[in-house]
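Below you'll find the structure, written out as structure tokens, and then a few comments.
In what follows, every chain begins at residue 1, and chains take the letters A, B, ... in the order their sequences are listed.
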Amino acid sequence: MLRRFAPLLLVVVAACNDPGGVGAGLIDSVDGAPEVVTLSPTAFEPVGDADVTGGTARFLLGETVDPDLGAMRATAWVDFSAPASLSDAFRNGTVTRASLVLKASSEYGYAGTLTRASVRAIDAEWFAVGSTADSTIASGALITDFEFSSDAATVEIPLPASWVSAWDAALRATTFGGSFHGFALAASEARAVTGFDMTGTVIRAYAGGDSAYFPALSNFTRIEADAPPARGDGKLAFQDGRSGGLRLAFDFSDPRLAMTGLARAVVAIEADTSLAAAVPPGFVRPIARTLTIDAVSEDPPARLTVGTASMIDGVYYLEQSELFEVLRRASRGDSVLDYFIVRAPLAENGLGSVLLGGSRPPVAFLTVLKAQ
Amino acid sequence: MIRLRSLAAIAVVLALPCLTLAAAAQGTDQGSVYSRFGLGERSLPFSPIGAAMGGGGFGLGGTSYASLANPAALADLSLTRALVGFRLDLLESSDATGAVSQQTTGALTGFSFGFPLYEGRWGVAVALTPYTRSGYGVQLDRTFDAGQGILASDRYTAFFEGNGGLDRVSIGTGYRVHPNVSIGLRGDFTFGIIEDVQRALFVDPHYEEVRVATATRLRGLGAGFGIRAGTASVFRDGDYLSVGAFVDTPTRLDAERIVTSGSSFEPDTLGTSMEGTADLPVATGLGFAYQAGTRFALVADALYEPWSRFESSLAFPGHSSAASGMKDRSRVSGGVEFYPAGRDLLASLLKRTAYRLGAFVEQGYVTPDPDQTIRTLGLTAGLSFPTLFPGTRVDINVEAGKRGTASGLLVEDRYLKFGVNVNFADRWFVRRPLN
């Protein structure tokens, strides 16, 4: 007996703990096996709130009548800041001419059609961040009218001499940002809505033989649009800017989630992109390539962006760590989460559209480990 | 010198329960996978002399050790005694697939403190001893079946770990009601936490490591009764035959179970706690001790606990409302002690050392396979060394055993347990005669 155990003593002291798979037969094969709990939504519906269109990376101008989604009219407010530095020649000269340069980046409606619009002054300071599409900002006197083709890459609007002479001193001073409050751009006649990037949109001014670029600082787009009509196939037509998003809720009291730990959480939203294809001749309707999901609590009121995903093979897979944490807390019943809002990313403001839901609603895939 | 020694002993006495509790609370040691089942691996009563003689000794007197296994033995206390034990367990497990694992664990095994109220007639003791121990670790490489959804199946490693156990704080007294008969009474507070942990570690980095722990806190009051009777000159002059028996009453433990997820440092409670009860069965023991003079002693013991009657409103591995692997626990042991010096206090160290041998067979109280019984066979041995302080001894024990069988789904454990026990003795609370 002792001879049998003597080697064991040496082996064990050298090896310390090596649990290995001994005893595997005593563990039930279903014990400790993760499983995927699939949750279907208890709610997936449009929210009544307007989209957030202030402080985005793009502002919109124009109007169109979408044969499937209804009419839309977009009006923009854009403010500018002084350049980081001005040359001595510019600062000591006189502004001889100036123009508003708009960098176009998206188009919705009848492509290549003419848009007539106006530029008006904004007389008071305003704040863009967080403003929703149903807000409005007072605008002042007419500065100039202009027109452009909705598929133009760049639109340059000469500013009248009266405006140039009125703002000559301010344009050459360091106090420009404090005294100038931007332009309001409104379409008077259009068949398309054009999106303009903040990057590349400037006031260009010439003085003392030099030029200076006053970059766009902030923007807001007011959107007046019809709600998309209900569809016979049960799908929800979602368009960035037209609505504040879609309310998505799951039942986390599902008994399959009781006493479980979460290993992975994916919310998959299947997309029907046929909206982009089924359009009248000459009509352009961009696809919503990216969606964002916000976790919303009503009491206490809170909203937190927890994930963003681009469409891959017709599906948006939302799987960020923030979403995991929210779902982990929700699945263990320790959460103030009431529902999610599925929306377009704030920076987009590109009027992308997609059909969601219907017979292929969003699904939450929760990989869990259940306590024995 | 004596004063310093007494102060040191007091310090040790005060510190040891804290150390014992701290060691019990660590709960990180791993041992036999069988400790996953039921309430954990059942521990023996804390008795160094019994452990070296097969694990019994219920019929032995309490002159040398303050053991509460049979409280009647406390009547023999003539000195104040503080006993603390440490152990190192080496375990090698194998199964029918040929897989082998090794584990090493160590812990304090118990503490007791006893003193005579009336020398040789009435003694009292308190003890902190383990009742069960759960400590195991199994890891399996598996394939995760993600079903028909968007997620792909993946390899992962499943970990099953357990730790904790039940401890028992006891206070007991033994009283000699007749020159040959002693009786004893013991009160027990059984408490502890048994934790079973599951973890899954995936190959795919999209998955977080997930950990779910089920912790069951149990506590309850119980009692034990003991009797010991003996007679001298049975077979020859100077011998002594004694018989001891004890009964531990059934104990109802209040149970509270919580399930947590997340790391062990920041666990999140899942759901609400579950409350229930677990009823420990009666425990009975019977032991014979024969002392052939002062040099030679034999013991034979039997222990029986009807765990088949165990009831619990909460499920434990191996026991649920649907099926139970609980079986009656029985244990038979025997041992021999040789003490060459006898009463010669001036003999050499080796002659004043007690040499002990024993053997036992035990049928476990719980089995993972209700059709099979988990049987343990073991040999024990021990040396009890004298020290410079009269009555104080250091006991070194070893136990080699085999538990279960490497057939079917079961596991064979081969183990070595080393124990070091320090048995302090001093004369406290007793009026010294004036010179």
Side-chain angles (χ1 to χ4, degrees), chain A residues 1-2 4-29 31-38 257-266 268 270 315 317 319 321 324-325 328-329 331-334 363-372, chain B residues 30 33-34 36-37 90-97 99-104 136-142 144-147 149-151 156 158-161 196 198-200 202 206-214 259 261-262 268-271 317 368-369 379 400 408-411 414 416:
Chain A
M1 189 86 171
L2 287 176
R4 192 178 182 196
F5 280 96
L8 168 65
L9 174 62
L10 296 175
V11 168
V12 168
V13 168
C16 290
N17 287 341
D18 170 27
V22 176
L26 302 180
I27 309 290
D28 195 304
S29 61
D31 278 351
E35 59 181 302
V36 178
V37 174
T38 304
L257 295 175
M259 302 296 177
T260 61
L262 187 63
R264 187 179 183 184
V266 180
E270 198 162 318
V315 182
Y317 296 105
E319 192 183 7
S321 58
F324 176 87
E325 185 59 28
R328 189 171 70 85
R329 294 177 67 94
S331 63
R332 70 170 192 243
D334 176 27
V363 177
F365 295 96
L366 306 180
T367 304
V368 299
L369 180 63
K370 197 170 186 64
Q372 299 166 23
Chain B
Q30 292 186 339
V33 69
Y34 288 124
R36 167 181 166 83
F37 299 92
L90 312 178
L91 172 70
E92 181 177 272
S93 303
S94 58
D95 62 16
T97 67
V100 177
S101 70
Q102 288 99 27
Q103 318 275 342
T104 306
Y136 63 90
V138 177
Q139 74 181 58
L140 307 171
D141 290 326
R142 289 172 162 176
F144 160 53
D145 179 7
I150 59 164
L151 306 180
Y156 74 101
F159 297 88
F160 300 87
E161 295 152 349
D196 292 294
Q198 298 166 255
R199 287 191 294 132
F202 296 83
H206 286 100
Y207 291 89
E208 298 278 335
E209 179 181 353
V210 59
R211 178 183 186 275
V212 179
T214 302
V259 179
S261 178
D268 296 314
T269 302
L270 301 175
D369 180 355
L379 297 176
L409 301 177
L410 298 180
V411 167
R414 289 185 292 146
L416 282 175

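- Interface summary for chain B: among A:V315, A:V36, A:V363, the most heavy-atom pairs under 4.5 angstrom belong to A:V36.
- In this structure, CD in B:E208 is found 13.5 Å from CG in A:L369, a value given to the nearest 0.5 Å.
- Contact annotation for B:F159: neither backbone nor side-chain heavy atoms come within less than 4.5 Å of a heavy atom of chain A.
- Most heavy-atom pairs under 4.5 Å with chain A: of the set B:T97, B:D196, B:L270, this distinction falls to B:L270.
- Residue B:A200 touches chain A through both its backbone and its side chain, counting heavy-atom pairs closer than 4.5 Å.
- Taking 4.5 Å as the limit, every side-chain heavy atom of A:L26 sits out of range of all side-chain heavy atoms of B:R36.
- Residue B:T269 touches chain A through its backbone alone, counting heavy-atom pairs closer than 4.5 Å.
- For the pair B:H206 and A:V266, the minimum side-chain heavy-atom distance is 4.5 Å or more.
- Of all heavy-atom pairs between A:A371 and B:T214, the closest is CB-OG1, 3.9 Å.
- The minimum heavy-atom distance between B:S101 and A:V22, with the atom names listed, is N-CG2, 3.6 Å.
- Looking only at side-chain heavy atoms (C-beta outward), B:Y207 and A:P34 stay at 4.5 Å or farther from each other.
- For chain B, the nearby part of A:E35 is the backbone; its heavy atoms alone come within less than 4.5 Å.
- Neither the backbone nor the side chain of A:R329 comes within less than 4.5 Å of any heavy atom of chain B.
- Only the backbone of B:R199 comes within less than 4.5 Å of a heavy atom in chain A; its side chain stays farther off.
- Of the listed residues B:S93, B:A213, B:A158, the one with more heavy-atom pairs under 4.5 angstrom with chain A than any other is B:S93.
- A:T260 touches chain B through its backbone: at least one of N, CA, C or O sits under 4.5 Å from a heavy atom, while the side chain does not.
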